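Just so you know, these numbers come straight off a predicted model, no measurement behind them. Below, chain A is the first sequence line, B the second, and so on; all start at residue 1.
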There are 2 protein chains.
Amino acid sequence: MARSDTSKGCGEGAIAFAPHDHARCRRAAIEDARARCAAAGLRLTPVRERVLEILLESHAALGAYDVLRRLTDEGAVPQPPIAYRALDFLVAHGFAHRIEKLNAYVACTASAETHDPVFMICRDCKAVAELPSAPVARDLEREAERIGFDIGRTVVEAEGLCPGCRAESAS
Amino acid sequence: MARSDTSKGCGEGAIAFAPHDHARCRRAAIEDARARCAAAGLRLTPVRERVLEILLESHAALGAYDVLRRLTDEGAVPQPPIAYRALDFLVAHGFAHRIEKLNAYVACTASAETHDPVFMICRDCKAVAELPSAPVARDLEREAERIGFDIGRTVVEAEGLCPGCRAESAS
DNA sequence: GGGTCTCTGTTACAAGATAACTTTTCGATT
DNA sequence: AATCGAAAAGTTATCTTGTAACAGAGACCC
Ligand SMILES: [Zn+2]
Ligand SMILES: [Zn+2]
Ligand SMILES: [Zn+2]
Ligand SMILES: [Zn+2]
């Protein structure tokens, strides 16, 4: 098996659910964002980078107002649009994702351009794992073709219990 | 092909996108709800039935406040909890579904107990088609097993253009 | 015909999101 | 370096979506 480690220096899939060197995880994600912005001529401004850092503090999803509160703690008293604009930028360019089920946001853990991943959301510890969507996307595309539907974007989210929390609750 | 017609007297899949006898569609859905409630000892009260009827007026998704407005037009001045409670009941028992991407609700078009279907949402005419989720659910289950995740509920929604609106925009 | 439980009515508010306008910052151009 | 235009940040105000909490009415069971 031993697939090579391509996701920003983190694990091979459900990094969010596995114990790992998260400090490294964060650094890698920030550096990746910096690099990709530089390459694409995007401006990773201080607010935007700070919001990404806040999201990267854990693999749990944060609401826009959670992010805003964290910004507020740091001096200024930012208003909602500040957080929403930064989040919109991060989502638009694939550095973060919006979790529809939670009205919340997570940092991306799968270095790539914009993509429509599959998310697994732990209802206990709130961690969100991002998985490649290839098989699911194929099925959806097949169904869509059958009925003549032209798919733009997809939302695929599963809510349940992560390995860690299963172990705990089974005790 | 000619699969037999099992969905509440409507078509074989994307009924929402196909021209059809919608009056019959509505009647069938209401009668099905009455029958299933009677069988299961559930109370399809006037508010609940009225809300289901409102959702059934079209295959587009309605926000809770849209539903509330429609109720308000009819005399009394109901408050949000009225609509939310009725919608919660309908969703809990599979008579309607919540579309996370839209924060809105649609009547179910697939006679069955609670289920986690796949939705295709037309960004133009706002119609929402409900499709069986078997293949997608299998993929998700396989992925979940791989990483040790225990799936509870799933959200699978695709936004795009329905056959009808594709034809129009291609003109 | 009393007790319990579910549903409804009502108030009040929390949480999520955006419209619209002003000021600042940045980067390119002269 | 001064100027200009575009993009981002700051600000105000408002809108949409969703709940908590409690009081009253009605159904249902004995
Ligand atoms: Zn990590
Ligand atoms: Zn967990
Ligand atoms: Zn119909
Ligand atoms: Zn359409």
Side-chain angles (χ1 to χ4, degrees), chain A residues 33-34 37-55 60-93 95-106 121 126 155 157, chain B residues 33-34 37-52 54-55 60-93 95-106 126 155 157:
Chain A
R34 287 209 190 107
C37 282
L42 299 171
R43 292 168 59 187
L44 188 59
T45 65
V47 220
R48 291 169 176 176
E49 184 168 329
R50 186 69 199 102
V51 168
L52 180 55
E53 272 171 0
I54 290 172
L55 291 181
L62 288 185
Y65 279 73
D66 295 329
V67 170
L68 191 60
R69 230 181 323 278
R70 298 277 289 99
L71 288 173
T72 302
D73 292 346
E74 299 168 6
V77 184
Q79 299 302 304
I82 302 286
Y84 280 102
R85 286 194 285 231
L87 289 167
D88 287 348
F89 169 87
L90 295 173
V91 169
H93 298 98
F95 303 117
H97 300 288
R98 177 177 163 85
I99 306 296
E100 296 293 341
K101 178 87 183 250
L102 304 177
N103 295 333
Y105 302 82
V106 273
I121 308 163
K126 312 297 180 197
V155 176
E157 301 169 354
Chain B
R34 287 209 190 106
C37 282
L42 299 172
R43 291 168 59 188
L44 189 60
T45 64
V47 220
R48 290 168 177 177
E49 184 168 329
R50 187 70 198 102
V51 169
L52 180 54
I54 290 171
L55 290 182
L62 288 184
Y65 279 73
D66 295 328
V67 170
L68 190 61
R69 227 177 330 272
R70 298 276 289 100
L71 287 172
T72 303
D73 292 347
E74 298 168 5
V77 185
Q79 299 303 304
I82 301 288
Y84 279 101
R85 287 193 286 232
L87 289 167
D88 287 348
F89 170 87
L90 295 173
V91 169
H93 298 98
F95 301 118
H97 301 288
R98 178 177 165 85
I99 307 296
E100 296 294 339
K101 178 85 181 257
L102 304 177
N103 294 334
Y105 301 81
V106 274
K126 312 297 178 196
V155 175
E157 300 169 355

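Counting only heavy atoms from C-beta outward, the side chains of B:Phe95 and B:Leu55 never approach each other to under 4.5 Å.
The residue among B:Gln79 and B:Val47 whose nearest nucleotide of DNA chain C lies closer to the 5′ end is B:Val47. Annotation: of the two residues near DNA chain C, A:Pro81 and A:Arg69, the 5′-most nearest-nucleotide partner is A:Arg69.
Atom CD1 of A:Ile82 is separated from atom C1' of C:dT23 by 12 Å (rounded to the nearest Å). As a whole-Å value, the separation of A:Leu102 CG from D:dT17 P is 19 Å. One interatomic measurement links the two molecules: CG of B:Leu42 to C1' of D:dC28, which rounds to 15 Å at whole-angstrom precision. Following rounding to the nearest Å, A:Asp66 (CG) and C:dA17 (C1') show an atom-to-atom distance of 14 Å. Protein atom OH of B:Tyr84 is 12 Å distant from nucleotide atom P of D:dA20, rounded to whole Å. Here C:dA17 presents its P atom at 8 Å from OH of A:Tyr65, a figure rounded to the nearest Å. Between B:Arg50 atom CZ and C:dG9 atom P the separation is 14 Å, expressed in whole Å. Rounded to whole Å, atom P of D:dG18 lies 13 Å from atom NZ of A:Lys101.
Proximity of B:Arg98 to the phosphate of D:dG18: a side-chain N or O atom is located under 4.0 Å from OP1 or OP2. Listed pair A:Arg48 / D:dA8 meets the phosphate criterion, a side-chain N or O lying under 4.0 Å from OP1 or OP2. Remark: B:Thr45 is in phosphate contact with C:dT8, judged by side-chain N or O atoms under 4.0 Å from OP1 or OP2.
Note on the helix from C:dG1-D:dC30 to C:dT30-D:dA1: angle between the axes of the first and last five pairs equals 30°, rounded to 10 degrees.
Of the possible polar contacts, one joining the B:Glu157 side chain to the B:Glu100 backbone as a donor-acceptor pair under 3.5 Å is found. The closest donor-acceptor contact from the side chain of B:Gln79 to the backbone of B:Val77 lies under 3.5 Å. In this structure a side-chain-to-backbone donor-acceptor pair under 3.5 Å is missing from A:Arg34 to A:Leu44. For the pair B:Arg98 (side chain) and B:Val91 (backbone), a donor-acceptor distance under 3.5 Å is absent.
For B:Arg85 and D:dG18, a side-chain-to-base donor-acceptor distance below 3.5 Å is absent, hydrogens and geometry of angles not being considered.
By the 4.0 Å N-to-carboxylate-O rule, B:Asp88 lies too far from B:Arg85 to be salt-bridged with it.
Closest approach of A:Val106 to A:Ala61, counting heavy atoms only: CG1-CA, 3.5 Å.
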